[in-house]
Amino acid sequence: MNSKPATYLSLKNKVVFVLGGSSGIGADFVEAFAKQGSKVAFVGRNEKLANELIEKLKNCSFIPKFYKCDITNLKMLEASIEDCIKSVGDIEILLNNAANDERHDFKDMTHEYFDWEYQTNLRPHVFAIKAVIDGMIRLGSGSIINLGSIGWMRKNEKTVLYGIFKSSMHGLTNGLAKRFGKNRIRVNTLVPGWTMTKKQIDQHLDDEGEKKINEGQCLPDKVQPHDISNAALFLASDESKMITAQSIIVDGGWT
Ligand SMILES: NC(=O)c1ccc[n+]([C@@H]2O[C@H](COP(=O)([O-])OP(=O)(O)OC[C@H]3O[C@@H](n4cnc5c(N)ncnc54)[C@H](O)[C@@H]3O)[C@@H](O)[C@H]2O)c1
């Protein structure tokens, strides 16, 4: 099987901003877009992992720019986006990727825990869009990709709050696709299945998980970060220019 991603000429020199790009699927986004010749900037908390990623991509036409930022801090997030716009250019592609799928029991929920889930899994994404939207209007073009999840679709009882905010991505997508469609700004939800990041393999994939994948997916292979990036590249490129207000599910056909 040829695993080299397609080349999208329309992505060259486009400014791409990734929330949560130091590790996991987000790091794969940074790499995939940088290799298309896009100008990638990303926020994250782990400086060491970010620097390792940047080192790996140092021969790209634009070396990705990292902002150390905890996205629960909106002022910090907005300042990072503002600096990117000033120093790199108007952001045309936004990947609303950062999240935390921490397991929890609904009965243990406190006010503080609810607020933390909301401040991690929904609020930054909404304000990141608000911070990039004027630039996209100036460009007359934009692709916003909100990361969803199949977790709540599969009725995962261990991530109820995460599920509430991940399902909200669809409402965010639909409302804004209509609001800014006239400006040729497209908004879609990209929904990963159970994707084999290092964190998922180290913390969550066990024998029972393997069994669930075998029984749940139509396809026998496990979903990899690059499978999600391949869909993101397409959704960001001109090749998908009439696709908006959609959910694209990449889960190996989970039933
Ligand atoms: N991996 C999966 O199986 C899976 C399944 C369904 C949906 N998703 C979605 O795909 C996206 C990426 O998933 P992932 O598995 O790579 O997630 P992840 O748990 O590795 O986190 C994504 C990134 O966000 C960063 N992040 C988290 N909280 C942050 C904060 N407060 N400030 C700054 N950065 C922060 C993490 O450090 C990481 O780099 C998420 O939106 C997730 O909900 C993933």
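Start at 1 and go down the list; that is how both ligands and their atoms are numbered.
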- Could you tell me whether ligand 1 has any atom less than 4.0 Å away from a heavy atom of Asp101? no
- Query: Do the rings of Phe33 and Phe29 sit parallel, tilted or perpendicular, given the 30° and 60° boundaries?
  - Reply: perpendicular
- Query: Mind checking whether Pro192 has a heavy atom under 4.0 Å from ligand 1?
  - Reply: yes
- Task: Kindly state whether the ring of Tyr118 and the ring of Tyr162 have centres lying under 6.0 angstrom apart.
- Result: no
- For ligand 1, does Cys69 get within less than 4.0 Å through its side chain, its backbone, both, or neither, judged by non-hydrogen atoms? backbone
- Message: Measuring from non-hydrogen atoms of Gly148 to any atom of ligand 1, is the shortest distance under 4.0 Å?
- Response: yes
- Query: Which is closest to atom 4 (C) of ligand 1 by heavy-atom distance: Gly151, Gly24, Gly193?
  - Reply: Gly193
- Note on the structure: The option among Lys199, Lys222, Met169 carrying the non-hydrogen atom nearest to atom 19 (O) of ligand 1 is Lys199
- Message: Using a 3.5 Å cut-off on N or O atoms only, is Ile71 in polar contact with ligand 1?
- Response: yes
- Short check: is a protein heavy atom less than 4.0 Å from atom 8 (N) of ligand 1? yes
- Task: Please confirm whether Asn97 comes under 4.0 Å of ligand 1, counting heavy atoms of the residue only.
- Result: yes
- Counting heavy atoms under 4.0 Å, the part of Met196 that contacts ligand 1 is neither
- Report yes if some N/O of Thr72 lies less than 3.5 Å from some N/O of ligand 1; otherwise report no. no
- Query: Mind checking whether Leu19 has an N or O less than 3.5 Å away from an N or O of ligand 1?
  - Reply: no
- Hey, does Lys166 come in under 3.5 Å of ligand 1, counting only N/O atoms on both sides? yes
- Is any NZ, NE, NH1 or NH2 atom of the basic residue among Glu210 and Lys222 found under 4.0 Å from an Asp or Glu carboxylate oxygen of the other? yes
- Query: Among protein heavy atoms, which sits nearest to atom 21 (O) of ligand 1, and what does the distance come to when rounded to 0.1 Å?
  - Reply: Ala99 O, 3.3 Å
- Item | Heavy-atom nearest neighbour of atom 28 (N) of ligand 1 within options Gln200, Glu102, Arg45 | Arg45
